[in-house]
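When a ligand or atom number is given, it counts from 1 through the structure's own listing order. Keep in mind that this is a model prediction, so the values were computed, not measured.
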Amino acid sequence: MSSECGKLYVVATPIGNLADISFRAVDILKQVDLIAAEDTRHVKKLLQHYGITNKLVSLHQQNEDKASSVLLKKLLAGQSVALVSDAGTPLLSDPGMPLVKMVKDAGLDVVPIPGACAFIAALSAAGLPVTRFSFEGFLPRTSSARKAFFSEKVMSTRTWIFYESCHRILASLQDMGEIIPLGRSIVIARELTKLHETIVKTSLGNALEMVEQNENMRKGEFVVLVDGAAVADKKAQIITAEQGNLLRVLLRECSIKTAVTMAVEITGVKKKLLYQAALALDKE
Ligand code: SAM
């Protein structure tokens with residue numbers, strides 16, 4: 001492709017703390033002919049902070065295809081464009097995919113300017129295995145679709161990560177508690193890089209109680225990370241969430257031995273399985 005064509009820069013911006021932007025990102029934002037932003041009013045605060053006065057155009061979910069075609073024409077005419085989203089890395093649960101694809105398909109250069117990304121920041125501080133993980137974006141909005149999603153993930157041995165809003169964090173954890181063993185380690189990373197940053201690593205059962213009881217734990221922006229299924233966990237899977245909940249209640253009142261004996265009588269499940277599950281729950 002002709003070197004007279006412009007380049008598209010995909011620029012990561014902060015996820016809360018305005019200082020979390022690279023020198024190179026600021027330079028690029030100053031140099032380009034146009035900045036394509038998800039919400040132009042939102043990004044203006046960042047640009048003002050760094051004295052950037054470049055022209056802004058809007059590129060959001062509703063106008064993406066049309067705006068991307070217009071931007072491609074500008075790139076072909078030799079203008080350079082920076083793509084930014086409201087926070088973090090564009091395209092990651094954010095607009096930009098159609099533009100990047102269009103520009104790549106036209107044979108033009110797409111240059112990443114790396115920086116903040118909420119789930120990578122959360123993963124780096126979570127204390128969960130990072131060798132293999134899956135990023136799942138936002139969860140489905142209905143409870144039944146969420147439970148179907150959790151059923152798909154329950155046996156996954158990788159760490160899995162999703163984004164959640166303050167409006168749905170409690171409902172999502174409650175749905176999770178019906179499918180995922182309550183002893184499973186999870187990390188709730190909330191308000192990263194901001195004043196009320198909280199990163200809690202605990203069992204799913206404890207996390208659920210914490211979010212139910214503490215209103216502050218339902219405020220702000222969330223990344224949730226879930227440990228993969230271990231061998232012992234897989235065995236514990238053989239008992240249902242309902243049986244697990246019964247054991248949990250019994251364990252609050254009696255010893256492991258008595259709780260298991262009672263659970264065997266009530267559920268008819270094999271003693272060995274209930275004993276393994278009780279040991280895992282007791283560690284919570
Ligand atoms: N592109 C962004 C990135 O690179 O992380 C994500 C954009 S997505 C529309 C916004 C979601 O990311 C929020 O609802 C929340 O789940 C997560 N998120 C963004 N900033 C966050 C922060 N400071 N702390 C925790 N989660 C955050």
Side-chain angles (χ1 to χ4, degrees), residues 8-22 24-25 28-29 35-43 45-46 49 58-64 82-101 110-128 130 133-141 146 149-150 153 159-173 175-176 186-202 207 210-211 214 216-226:
L8 172 67
Y9 297 92
V10 182
V11 182
T13 56
I15 55 169
N17 187 324
L18 285 187
D20 290 333
I21 187 165
S22 72
R24 185 171 172 228
I28 293 289
L29 291 173
I35 299 174
E38 186 182 3
D39 177 342
T40 52
R41 276 172 312 177
H42 182 94
V43 84
K45 283 182 212 150
L46 176 75
H49 187 81
S58 104
L59 181 137
H60 47 74
Q61 225 178 5
Q62 283 73 36
N63 76 350
E64 249 191 303
L83 171 68
V84 297
S85 59
D86 284 355
T89 303
L91 277 78
L92 275 304
S93 297
D94 263 341
M97 185 58 209
L99 175 63
V100 169
K101 184 172 185 308
V110 179
V111 184
I113 310 293
C117 175
F119 82 83
I120 295 291
L123 189 61
S124 72
L128 289 175
V130 298
F133 64 86
S134 68
F135 171 61
E136 306 292 341
F138 284 100
L139 293 190
R141 285 174 176 233
R146 277 198 297 265
F149 167 80
F150 293 134
K153 300 301 298 178
T159 299
W160 43 282
I161 308 163
F162 60 89
Y163 284 160
E164 195 48 283
S165 80
C166 54
H167 309 293
R168 283 188 294 274
I169 185 71
L170 179 57
S172 286
L173 290 177
D175 289 341
M176 204 200 279
I186 80 162
V187 175
I188 299 187
R190 177 184 156 260
E191 292 291 87
L192 292 169
T193 78
K194 304 185 204 176
L195 183 63
H196 297 293
E197 179 178 87
T198 315
I199 304 173
V200 188
K201 184 179 184 197
T202 183
M210 203 182 292
V211 175
N214 182 350
N216 288 330
M217 284 299 288
R218 301 194 292 272
K219 289 181 183 163
E221 300 193 280
F222 294 85
V223 183
V224 180
L225 306 95
V226 186

**Request:** From atom 5 (O) of ligand 1, work out which of Phe138, Tyr163, Phe162, Phe135 has a heavy atom at the shortest distance.
**Result:**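 Result: the heavy atom closest to atom 5 (O) of ligand 1 is in Tyr163.
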**Message:** If you take the nearest heavy atom of each of Thr13, Leu192, Ile199, which one is closest to atom 24 (N) of ligand 1?
**Reply:** Leu192
Among all protein heavy atoms, pick the one closest to [atom] and tell me residue, atom and distance.
| atom | answer |
| --- | --- |
| atom 18 (N) of ligand 1 | Ala118 CB, 3.5 Å |
| atom 4 (O) of ligand 1 | Thr89 N, 2.8 Å |
| atom 26 (N) of ligand 1 | Val223 CG2, 3.4 Å |
| atom 7 (C) of ligand 1 | Asp94 OD2, 3.3 Å |
| atom 21 (C) of ligand 1 | Glu221 OE1, 3.6 Å |
| atom 16 (O) of ligand 1 | Phe222 O, 2.6 Å |
| atom 8 (S) of ligand 1 | Ser93 O, 3.6 Å |

**Prompt:** Less than 4.5 Å apart, any side-chain heavy atom of Arg146 and any of Pro140?
**Reply:**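 Of all side-chain heavy-atom pairs linking Pro140 with Arg146, at least one is under 4.5 Å.
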Between atom [atom1] of [X] and atom [atom2] of [Y], what is the distance when rounded to the nearest 0.5 Å?
| X | Y | atom1 | atom2 | answer |
| --- | --- | --- | --- | --- |
| Leu173 | Phe150 | CG | CZ | 7.5 Å |
| Ser85 | Ile15 | OG | CD1 | 11.0 Å |
| Ile35 | Leu29 | CD1 | CG | 4.5 Å |
| Arg190 | Met217 | CZ | CE | 6.5 Å |
| Ile113 | Ile21 | CD1 | CD1 | 10.5 Å |
| Ile161 | Leu123 | CD1 | CG | 4.5 Å |

N or O pair under 3.5 Å between [X] and ligand 1:
| X | value |
| --- | --- |
| Ala189 | no |
| Ile15 | yes |
| Thr193 | no |

**Fill in**
One finds that the ligand 1 atoms under 4.0 Å from a non-hydrogen atom of Gly88 are 3 (C), 4 (O)
**Request:** Could you list which atoms of ligand 1 come closer than 4.0 Å to a heavy atom of Glu164?
**Result:**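 Counting atoms of ligand 1 from 1, those under 4.0 Å from Glu164 are 16 (O).
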**Asked** Quick one: does Glu191's side chain have a donor or acceptor within less than 3.5 Å of a partner on His196's backbone?
**Response** no
**Prompt:** Should the pair Phe119 and Phe135 be assigned to parallel (<30°), tilted (30 to 60°) or perpendicular (>60°) ring geometry?
**Reply:**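 It falls in the parallel class, under 30°.
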**More than 12 heavy atoms of other groups within 6.0 Å of Lys194 NZ** = yes
**Asked** Applying a strict 4.0 Å limit to heavy atoms, is Ala87 in contact with ligand 1?
**Response**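 Yes; Ala87 lies near enough to ligand 1 that a heavy-atom distance drops under 4.0 Å.
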**Item:** Mode of Lys194 contact toward ligand 1 - side chain, backbone, both, neither (heavy atoms, under 4.0 Å)
**Value:** side chain
